[in-house]
Amino acid sequence: MRHATAFAAFSLGMASLLAACSHTHVPSESDAPGAASRPAGYKDDGGAPPPPPESNEQASQSSLLVEAEALGQRQEAKRAIAQRRKHSERNTASRVAQLAESRPALAMRVAPPAWAGPADRENYAHIQRSSVMQVLDQPVSTFSVDVDSGSYANVRRFLEQGRLPPTDAVRVEELINYFDYGYTAARDPDVPFSVTTEMAPTPWNQNTHLLHVGIQGWLPEVEGAGTNLVFLVDVSGSMQSQDKLPLVKTALKMLTAELGEQDRISLVVYAGASGVVLAPTPGNDRAAISAALDRLEAGGSTNGGAGIQLAYAMAEQGWIEGGVNRVLLATDGDFNVGTTRFESLLDLVRQKRKSGVALTTLGFGQGNYNDHLMEQLADVGDGNHAYIDSLQEAHKMLVRQRRATLDTIARDVKVQIEFNPAQVSEYRLIGYENRALKREDFANDAVDAGDLGAGHSVTALYEIALAGHGGESVRPLRYAQPAPATDLSGEIAHLRLRYKMPEDGVQARSRLIERSLHKTDVLDAIEEASEPLKLSAAVAAFGQLLSGGDHMKGFDYTDVAGLARQGGEDAFGDRAGFLQLVDLAGSLSRQARVGGGPRDESRIQNIGG
């Protein structure tokens, strides 16, 4: 009997606990006073939810237990309680699911999702690497400039974590363009960039040569009418980790410290819904801007499309005539509600760029990072893309290179090189795979291309096989027509550049720069080459090794380091950091060959193919 009484007391306590659990309070809109007036992601200082109401079911369960015990039917009582518990759990789950469907942000506060861990949902567009082109078949190469640098910082993140990056994460042109090569500055504002060309033997192939093209943007001594920036910040649940929203807030505060009274800052946030946290505010009101950033919290799903539309509306509200008008999107790119289809998001930005507002994307975090979307949004938004993996990178992009990131000096910059088949038999453009243009696109001003920022530089490298030097990699056809005899006084190629001035408007006609490249300009040895060519060649080799190394002919990471050390001055330590990455990649590559490899691409989602 003592055992039966003890079991009844224990069961009664469990019944009370189960009854309380079955009535767990699920938040609703009425629980958050003023919630409709506060944007998602803003701190909610409202009171705690009311305690659960008294339950008739609790009394019913207790009564049932006592009756069953009195009759000696303990097993029946236990089964009855278990059945009631299952029924109650199903009801609670149903209520939460209904709330999640109607109000995602509130539902996420009830049951925030667990982070899936690194490298399980990162998205990268598949890159079909540039192939060798025969000049007789295709003498003209055309591409858009690319000032993005996000791939370099993202590759660095992988290497510093002890993993080789996925090959599709390596955009070689972005690695090359991460560095400042100290090109001669442009002096004429009517021609907003200088052009440098150089040719020398290829470090990894003694039978071919590198054609090096460097473009240096003009840096005005006086800044323009002002900067109108909209900080569009993702405050969804996926942004909780320290390398996401906390780093975003610190980075944007660093940028704010560089602005003045003539500048304007707005703050828009989005999660399940979007909202304006800060209307256009003078740039020198740092206390108000910092306070608004400090109050941001992560939670909820991600409706990036709605946030983008609202951010452009705020940019138009704060418009500065003759100044910089730009949206800075800070996110991991993991859009999961609202407009989520990739092409629909791109179409949205294509339409919005017609207003004259540019879009810069700043990528943060890991595990669910959508590199493909971030890079392409910046591309169609007439902006640039950076990946922020540290405060140092934030300082580089938003402080040291602030004007290059924000101020546009040339729009729709296109490069076209026509090779002379009498002098060049083959060529291969290193990188720029997703910047390739059709030959006819070069003179078509309706075709969009990359923009160049104040003081920014762009570098392109071609590996070329000079006729008669034995560097050809493609066997000639048996019935191919021979190259024409005309050599045009030793011209190797003809370089053309097209661009628009920002003040001329979006529909303006482009301007043209041309120059010829001659065989007499070719250097005899790589040792005679300039420091910019050596460093850019080292970075190009590094990127090619990380992405497969099909053209490297035994040139390895040790050779890359040796070439990079000849790169000259290193004012900010970027080259020293690069050498550390080369050493890491070399070690990881050797480990991969011996033990099966630290590069695991099985969980990386590649798009396209």
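Everything numeric here is computed off the predicted structure, so don't read it as measured data.
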Checklist entry - Is the shortest side-chain N to carboxylate O distance from Arg403 to Glu258 below 4.0 Å? => result no
Next on the checklist: Please verify the inter-ring angle class for Phe179 with Phe578; under 30° counts as parallel, over 60° as perpendicular, anything in between as tilted.
Outcome noted: perpendicular
Checklist entry - Would the Tyr369 and Tyr387 ring centres measure less than 6.0 Å apart? => result yes
Checklist entry - Quick one: CD1 on Ile417 to OH on Tyr462, what's the gap to the nearest 0.5 Å? => result 4.0 Å
Next on the checklist: Contact between Glu173 and Val458 at the side-chain level, heavy atoms closer than 4.5 Å - yes or no?
Outcome noted: no
Checklist entry - Is Asn123 reaching over with its side chain to a backbone N or O of His372, donor-acceptor style, under 3.5 angstrom? => result no
Item to check | Crowding at CD, Glu343 (>12 non-hydrogen neighbours, <6.0 Å) | outcome: yes
Item to check | salt bridge (charged side-chain N to carboxylate O under 4.0 Å, His left out) partner of Asp412, the single match among Arg498, Lys500, Arg353 | outcome: Lys500
Checklist entry - Got a second to check how far Lys553's NZ is from Thr202's OG1, nearest 0.5 Å? => result 10.5 Å
Checklist entry - Does Thr459 reach the main-chain N or O of Gly214 with its side chain, forming a donor-acceptor pair under 3.5 Å? => result no
Checklist entry - How far apart are the C-alpha atoms of Tyr427 and His209, what are their side-chain angles, what is the distance that settles it, and do they pass the ring pair (Phe, Tyr, Trp, His ring centres under 6.0 Å) test? => result CA-CA 9 Å; Tyr427 67 89; His209 290 74; over 10 Å; no
Item to check | CG-CE distance between Asn368 and Met239, expressed to the nearest 0.5 angstrom | outcome: 9.0 Å
Checklist entry - Any cation-pi pair here, Arg400 with Phe572, using under 6.0 Å and within 45°? => result yes
Checklist entry - Do Lys249 and Phe231 meet the cation-pi criteria used here (NZ or CZ under 6.0 Å from the six-membered ring centre, within 45° of the axis)? => result no
Checklist entry - Between Tyr312 and Val349, which heavy-atom pair has the shortest distance, and what is it? => result OH-CG1, 3.7 Å
Next on the checklist: If you define the side chain from C-beta out and look only at heavy atoms, does anything of Lys352 sit under 4.5 Å from Val357?
Outcome noted: no
Item to check | Backbone N/O of Gly318 and side chain of Asn228: donor-acceptor pair under 3.5 Å | outcome: yes
Next on the checklist: Please report the interatomic distance CG(Leu373) to NE2(His385), rounded to the nearest 0.5 Å.
Outcome noted: 10.0 Å
Next on the checklist: Contact between Asp379 and Arg435 at the side-chain level, heavy atoms closer than 4.5 Å - yes or no?
Outcome noted: yes
Next on the checklist: For a salt bridge (Lys or Arg N to Asp or Glu O under 4.0 Å) check, start with the C-alpha distance between Arg129 and Asp550, then their side-chain angles and the critical distance, and finish with the verdict.
Outcome noted: CA-CA 10 Å; Arg129 301 294 168 179; Asp550 292 342; over 6 Å; no
Checklist entry - Is there side-chain contact between Tyr152 and Glu174, with at least one heavy-atom pair below 4.5 Å? => result no
Next on the checklist: On a heavy-atom basis, which atom in Leu533 and which in Ala529 lie closest, and how many Å separate them?
Outcome noted: CD2-CB, 3.9 Å
Item to check | N/O donor-acceptor pair under 3.5 Å between Asp234 side chain and Gly333 backbone | outcome: no
Item to check | CA sep, side-chain torsions, deciding dist, call: Glu393, Arg156, salt bridge (Lys or Arg N to Asp or Glu O under 4.0 Å) | outcome: CA-CA 11 Å; Glu393 187 66 15; Arg156 176 174 60 202; 2.9 Å; yes
Next on the checklist: Do Val447 and Leu437 make a side-chain contact, defined as non-hydrogen atoms from C-beta onward lying under 4.5 Å apart?
Outcome noted: yes
Checklist entry - Should Arg157 and Asp243 be marked as a salt bridge (Lys or Arg N to Asp or Glu O under 4.0 Å) after you check the CA-CA gap, both sets of side-chain angles, and the distance that decides it? => result CA-CA 11 Å; Arg157 185 251 301 185; Asp243 59 351; over 6 Å; no
Checklist entry - Considering only heavy atoms from C-beta outward, does the side chain of Glu463 approach that of Trp204 to under 4.5 Å? => result yes
Checklist entry - What distance do Leu348 atom CG and Leu359 atom CG have between them, rounded to the nearest 0.5 Å? => result 9.5 Å
Item to check | Contact check, side chains of Gln401 and Lys396, non-hydrogen atoms, under 4.5 Å | outcome: yes
Checklist entry - How many angstroms lie between atom CD1 of Ile127 and atom OG of Ser151, to the nearest 0.5 angstrom? => result 7.0 Å
Checklist outcome for this item: Of all heavy-atom pairs linking Ala449 and Asp382, the shortest is O-OD1, 4.3 Å
